[in-house]
Amino acid sequence: MYRPNFHFTPKKGWMNDPNGMFYANGYYHLFYQYYPDKSVWGPMHWGHATSRDLVKWEEQPIAIYPDKDKYIFSGSAVVDVNNTSGLKIGNNAPIIAIYTLHDMTKEKEGKIDVEQQDIAYSNDNGFTWQKFEEGNPVVKNPGIRDFRDPKVTWDETHKQWIMVLAAQDRAQFYKSSNLKNWEFLSEFGKEIGAHGGVWECPDFFPIKVEGTKETKWVLIQNLNPGGPNGGSGVQYFVGDFDGKMFKLDPNFAKRVNEEKAVWADYGKDNYAGVTWNNVPSTDGRRLFIGWMSNWEYAQQVPTTAWRSSTTVARELKLVKKGNYYNLISNPVRELDYYITETIRTKALKGKENYTLFEDGKADLSQAIVNLELKNLKPENYTFELSNSDGESLKFGLNNKNNYLFVDRSKAGKNDFSDKFAATISKAFLNGNQKGATFKIILDKTSIEIFYNNGEKVMTEIFFLEKPFTSLSVSSKEKIEINNVVIQKLDVLKRN
C-alpha cells in the first residue's frame, strides 16, 4: 500500500545508502546497501538496479555478497577506461568497485580496526563481480573506528585517481595510479561544518560554476545524526584542490561560519546522497541520488515486505550569488518523458485562500506541481495537500521569520516513531522574499520541494491511508499566484 509509484524501491528486503553509481554502455547503474532477508538492517550486500533514463529502474541480481561476518558497506565504482588496474579480461573496460569491508567479529570483540577498503571488479559492464581477494585490503585501517564509504573519481587535472573517505569526524584524501595501491594525501573538516554525529558517505568532484569558465571542487559530506532538522543530513563544502589538499573557498568559509553548516537538502529524508561516475562528457551533468529516509526512524516505518526508497535523481549545478557559491539541485529532465497530462490554472489574485486543485481533478499520488507566488508580504503562505479522510500535509513559506517549512504531523500514520513528526522541518532563507517559485514532486509517500530553481530543497516521506486529492493555498494577506501547472506522471506508460 505504501510502495511508491515511481521512486526506486527493492521488491523485498531492506535498502539504505546508494553505492557505486556509474554509467556504462547505455545504462545508469545504481547499487545500494541491501539486506534481502529482512526489512531491517542486517548483513550488508550490494543490491543492484539499472536504468536507461534515471527514472524507470530494473532490479538486477545482487552484485556483491558478504562473507561470514564480513559485511559489504558503502562505496563507489569507476570505469577504468585505460585499464590502470590491469584487471581487464576481454573487450570491455573493467569496472572497479571500492567498498568498505566491515568485520563484525572484530566489532563484537570491541576492536578498533573493524573497517578496511577492498575492491572488486567486473568485466561485463557491472553485471557480475569478483572480489580482488589476492590484493585486498587496498587501504588498511589506520586505527580509526569509523573509516568508511570510499568515493573514487578520476582527477583529470592532476592525472590521478582520488579517493575521499569518511574518517570519523573528517574526510581523508588518498591518491592512486592503479586503484590498487593508495597513498594518503591529506584530511579536511575537523571542527568545520556540522559535527552532530559521525561523518559518512562523502563525494568529491570538480564542477564548473554556471555561466563562467571557473571550476571549483565540491565535497559532499553526509553525517548522522546532526542534520538540519534532526537525524541524518547532507552537507557540502566548496573550495579548491591542488592535487593533494582541499582548501575551503574563503567566502564559503564565511558562509559556513554564519550558517554553521550548508545543506544540500533541508528535509528529513535525503541521506547518503552521492553522484554518478562516468557520465558522458557530451551529457556533462553532475547527477545525484539519495536514500529517502532518516536513521531516526528508518527501521520503524510502516512497511513490511520492503523498506526505503531513493529520492528522484537530481542534477547538481554550482551557482554564484553575490560572493557565495550555492549547490543547487533540480529533478532530472528525464522525468518529463513520463508526463501524460498537463493541467493549467489561470492566474489567481486577490483572495486569502484558493483551492488550486479540487478532489478528483488531478492525481496527486504521481505528479509534478509548478507554481509561482508574486508580490509577497511579510506573512505566512501555507499550501495544504489533503484527502477526504482528513489527512493533510502543510508546507510553504513563513515570510515573517524567513523560512520554508514542511509539517507532516497530520499526513497519515506517524505513531511508529516519536521522532517522525515531532517538529516542523524548516529551511531558513535570507530575508523577506518578494517572489517565490516552487517545483513539487509528489509520489504516493513522498514530497520533494525545489524552491527558487533548486536554491533550497526539502525532501520528506509520509504514510497516508488514502492518496491526497486536493491542493489549496492560504494566507492572512491577499495572494497573487501565477503559472500553476500540474503534470501527471505515469512511469508505466511512457509517451
Side-chain angles (χ1 to χ4, degrees), residues 7-8 16-24 27-33 46 48-51 53-55 57 74-79 95-99 126 149-157 161-166 171 173 199-210 215-223 232-239 241 246 262-265 270-292 310-319 325-335 448 450 454 457 459:
H7 289 75
F8 174 72
N16 57 287
D17 310 356
N19 295 156
M21 292 125 60
F22 64 89
Y23 176 89
Y27 288 96
Y28 296 94
H29 290 257
L30 167 67
F31 300 85
Y32 46 89
Q33 292 287 276
W46 267 27
H48 185 199
T50 55
S51 175
D53 62 11
L54 296 160
V55 178
W57 293 95
S74 294
S76 55
V78 293
V79 181
I95 317 279
I96 312 300
I98 306 96
Y99 56 87
D149 312 335
K151 179 64 195 271
V152 172
T153 192
W154 175 252
D155 174 7
E156 179 60 33
T157 307
W161 293 106
I162 293 292
M163 177 193 292
V164 60
L165 266 175
F173 298 96
W199 279 21
E200 295 186 308
C201 303
D203 197 354
F204 189 55
F205 51 84
I207 188 168
K208 274 246 166 73
V209 181
E210 284 296 296
T215 295
K216 287 287 184 184
W217 283 76
V218 170
L219 173 67
I220 288 177
Q221 185 60 71
N222 293 268
L223 88 160
S232 319
V234 188
Q235 66 180 325
Y236 70 91
F237 303 91
V238 178
F241 182 63
F246 174 64
V262 183
W263 303 96
D265 195 311
N270 182 357
Y271 189 56
V274 286
T275 66
W276 265 270
N277 279 324
N278 206 49
V279 174
S281 56
T282 49
D283 179 318
R285 290 177 295 172
R286 177 58 58 175
L287 299 168
F288 168 102
I289 203 165
W291 174 48
M292 198 155 58
T310 58
T311 67
V312 291
R314 301 173 183 181
E315 179 182 0
L316 303 181
K317 289 182 179 178
L318 192 64
V319 298
Y325 295 98
N326 198 25
L327 193 66
I328 66 167
S329 73
N330 280 292
V332 291
R333 57 178 178 254
E334 286 86 344
L335 207 52
E448 292 162 279
F450 300 85
V457 183
T459 302

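The basis for the numbers below is simple: all heavy atoms, side chains too, and nothing from hydrogens, waters or symmetry mates. Because the structure is a prediction, the values reported are computed rather than measured.
In this structure, W46 and F31 have tilted ring planes: the angle between them lies in the 30° to 60° band. In this pair, F204 and F246 present their aromatic rings perpendicular. The plane angle is above 60°, beyond the 30 to 60° band.
The backbone N or O of Y28 lies less than 3.5 Å from no partner atom in the side chain of S51, so there is not a single donor-acceptor pair. Proximity of a side-chain donor or acceptor of W276 to a complementary backbone N or O of H29 within less than 3.5 Å is detected. In terms of modelled atom types and a separation under 3.5 Å, the side chain of S329 and the main chain of G454 share no donor-acceptor contact. No donor-acceptor distance shorter than 3.5 angstrom exists from the side chain of N270 to the backbone of D265, with no hydrogens or angles considered. Between the side chain of E448 and the backbone N or O of T311, no donor-acceptor pair lies under 3.5 Å.
The side-chain heavy atoms of F205 and V218, taken from C-beta on, include a pair separated by under 4.5 Å. In this structure the side chain of W154 never reaches within 4.5 angstrom of the side chain of V78, judged on heavy atoms. Residues K151 and T275 are in side-chain contact: their nearest non-hydrogen atoms beyond the backbone lie under 4.5 Å apart. Y23 has its side chain out of reach of D283: every pair of non-hydrogen atoms, C-beta onward, lies at least 4.5 Å apart. Inter-residue side-chain proximity for N277 and T153 is flagged as met; some heavy-atom pair is nearer than 4.5 Å. Between V332 and R285 the shortest side-chain heavy-atom distance falls below 4.5 Å. Side-chain contact between L30 and W57 is present, with at least one heavy-atom pair separated by less than 4.5 Å.
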- request: Evaluate the side chain to side chain contact (heavy atoms under 4.5 Å, CB included) criterion for residues R314 and V457: first the C-alpha distance (whole Å), next the side-chain angles of each, then the deciding distance (0.1 Å), finally the verdict.
  value: CA-CA 11 Å; R314 301 173 183 181; V457 183; 3.6 Å; yes

task: Tell me, with the steps shown, if M163 and V152 meet side chain to side chain contact (heavy atoms under 4.5 Å, CB included).
output: CA-CA 4 Å; M163 177 193 292; V152 172; 3.9 Å; yes

task: Give the C-alpha distance, both sets of side-chain angles, the deciding distance and a yes or no for side chain to side chain contact (heavy atoms under 4.5 Å, CB included) between L327 and V238.
output: CA-CA 9 Å; L327 193 66; V238 178; 5.7 Å; no

- prompt: For I220 and L316, what are the C-alpha separation, side-chain angles and deciding distance, and is it a side chain to side chain contact (heavy atoms under 4.5 Å, CB included)?
  reply: CA-CA 11 Å; I220 288 177; L316 303 181; 4.1 Å; yes

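Between R286 and D203 there is no salt bridge, since none of the side-chain N atoms of the basic residue sits less than 4.0 Å from a carboxylate O of the acidic one.
Shown here for A77 and I95, the closest heavy-atom pair between the two residues is CB-CG2, 4.2 Å. The nearest pair of heavy atoms linking Q33 to S74 is NE2-N, 3.3 Å. Closest heavy-atom contact between Y32 and N16: CB-O, 4.0 Å. The shortest heavy-atom contact between P202 and V274 is O-CG1, 3.8 Å. Here the closest non-hydrogen pair linking I96 and I98 is O-CD1, 3.6 Å. Taking each heavy atom of H7 and T310 in turn, the nearest pair found is CD2-O, 3.1 Å.
The distance from atom CD1 of I162 to atom CG of D155, rounded to the nearest 0.5 Å, is 5.0 Å. For the atom pair CG (D149) and CG (D17), the distance works out to 6.5 Å, reported to the nearest 0.5 Å. Rounded to the nearest 0.5 angstrom, N19 CG and W291 CH2 are separated by 12.0 Å.
For the residue pair N326 and Y236, a side-chain donor N or O sits within less than 3.5 Å of a side-chain acceptor on the partner.
The environment of NZ in K216 is crowded: more than 12 heavy-atom neighbours from other residues, nucleotides or ligands sit within 6.0 Å.
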